[in-house]
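Chain letters run A, B, ... following the sequence lines, proteins first, then strands; residues in each count from 1. Everything quoted here is computed from the prediction, not taken from an experiment.
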There are 2 protein chains.
Amino acid sequence: MRRALVIEDQDLMRQALIVELKDSLGDCIIAGAQTYALAQSALADEMFDVVLIDPGLPGFDPTSSDQRLRVVEAIVRAAPSAVHIVITGSDNDKEAAACRELGVAAYLGKTGLPRGGLGKVLEQVARDEFSLRYSSANAQATEVHISGLTPRESRITELMMQRRPGERRKDVFVKMAEELRIEPNSAERYFKQARAKLLKYGRLPRGL
Amino acid sequence: MRRALVIEDQDLMRQALIVELKDSLGDCIIAGAQTYALAQSALADEMFDVVLIDPGLPGFDPTSSDQRLRVVEAIVRAAPSAVHIVITGSDNDKEAAACRELGVAAYLGKTGLPRGGLGKVLEQVARDEFSLRYSSANAQATEVHISGLTPRESRITELMMQRRPGERRKDVFVKMAEELRIEPNSAERYFKQARAKLLKYGRLPRGL
DNA sequence: GTTCATAGGGATGGTGCCATCCCCCTCAAA
DNA sequence: TTTGAGGGGGATGGCACCATCCCTATGAAC
């Protein structure tokens, strides 16, 4: 059972990263630290296999690349055997190179890193590659989330609304089926169920 | 059924904010926009009751308070009847005051805003109060998340590990019972179940 | 010697989601 | 006229989690 530590001051983001890690690691114990002090005490208390670091922590000047790197360096030294992943909202290539020098295994921008993205990064790292992903605003469309729909229903609705012209519904069912490893028939069933719910509440977005 | 729009470039954070909003609003439809352009087209297409804005968007200089405020102003103008909430990682009192001038209903720092925090903010806003919460690193301890535990089991384990000396287990059961509106007996049952699982896998953190 | 917190469970009913298989109907294209 | 995409469902079994109630046993406190 692997142990991981997530160092990130923004609570919702830390929560999200912990969930991402949990989904990627399988059996694991994940600690979350909001501050540098809490991270230090966690690192002193226990061993970790994976450490996720956002260097923009309270008490450090976010515009000082020097301070940011010193935080990373201190964390890496405190757990030299762990896999270290730096994730930041203000990424740049100089910092990426410097982190790599410090022994960091992956350097990630927060923008453009979707659900499941961390899993792919960990796979890359497991192959001893340095994983580098700069922020990029890559969204093609707005997402939509509708309460009352189950996750499956929500997902197929989203996929269906993003369908490009000429693409048949059946193609979308196949796409979702591959994504979730289920039968296209099931995807179709979720879509029908979702549409029925939306019709009932008179909330049918375009794209039916 | 209310409609909300979340404008935030970091995908995981946007996701988390959408979940927060969904939990707070009940029946609702929530759109998520990664960029200013996507936000604009969403605002042009539909009406929204609530708009959540992170002014630090790609394409704008994050150090320029002028640019940040112009983003907020444009969004507010595009949906004058909506409740606008600004949430940012780099909050300061000048920007808060300026946002209030622009008609924003709440100004929140990302650090120190926990799960459920947005719900309280919305309650405040519903009472026509201006909700102001600056970032603060307020965590007392590291959180712990263990895979294989259900949410209930995870929560009671976390509460139990944060128990202060002298506090009895029973007190913690009551605390969790109030939090989730269940019987203390049930909380105790979850704790026992969690401990049994942890013992089975030899992963008993201190605090039993 | 009784009370109470704690340890360590068993059993139960309910609910929601998942995944699948089935049915019927319509309409257009080949 | 047969085939295939699509609309609109019903029924089912399995599973995980939730919430509750029940039982035994230990050990310290009063």
Could you report the tightest heavy-atom contact between [X] and [Y], atom names first, then the distance?
X        : Y        : answer
B:Ala82  : B:Phe48  : CB-O, 3.3 Å
A:Ser135 : A:Gly109 : OG-CA, 3.3 Å
A:Asp49  : A:Arg2   : OD2-CA, 3.2 Å
A:Ala141 : B:Leu38  : CA-CD2, 3.8 Å
B:Pro55  : B:Thr88  : CD-CB, 4.1 Å
A:Glu158 : A:Val144 : OE1-O, 4.1 Å

Separation of [N] [atom2] from [X] [atom1] (nearest whole Å):
X        : N      : atom1 : atom2 : result
B:Arg168 : C:dC4  : CZ    : C1'   : 9 Å
B:Glu188 : C:dC4  : CD    : C1'   : 12 Å
A:Glu183 : C:dC21 : CD    : P     : 6 Å
B:Gln193 : C:dG10 : CD    : C1'   : 11 Å
B:Leu199 : C:dG8  : CG    : P     : 7 Å
B:Arg163 : C:dA5  : CZ    : C1'   : 11 Å
B:Arg195 : C:dG8  : CZ    : C1'   : 8 Å
B:Arg169 : C:dA5  : CZ    : P     : 14 Å

Earliest and latest nucleotide of DNA chain D, 5' to 3', sitting under 4.0 Å from a non-hydrogen atom of chain B? D:dC17 to D:dC21
Could you name each residue pair satisfying side chain to side chain donor-acceptor pair (under 3.5 Å) that touches [range], not counting sequence neighbours?
range                       : value
residues 176-188 of chain A : A:Arg155-A:Glu179
residues 4-13 of chain A    : A:Glu8-A:Lys110, A:Asp9-B:Thr111, A:Asp11-A:Arg14, A:Asp11-A:Gln34
residues 144-153 of chain B : B:Glu153-B:Lys197

Taken to the nearest 0.5 Å, the spacing of A:Asp54 CG from A:Arg68 CZ works out to 7.0 Å
Is the A:Tyr134 ring parallel, tilted or perpendicular to the A:Tyr107 ring (thresholds 30°, 60°)? perpendicular
Return whichever of B:Ala196 or A:Pro184 has its heavy-atom-nearest nucleotide of DNA chain C closer to the 5' end. B:Ala196
Can you name the atoms? Protein N/O to nucleotides 15-18 of chain C N/O, anything below 3.5 Å, with the distance.
residue, atom, partner, partner atom, Å
C:dC18, OP2, A:Thr150, OG1, 3.1

With B for base contact, S for sugar-phosphate-only contact and - for none (protein heavy atoms under 4.0 Å), nucleotides 22-30 of chain C reads ---------
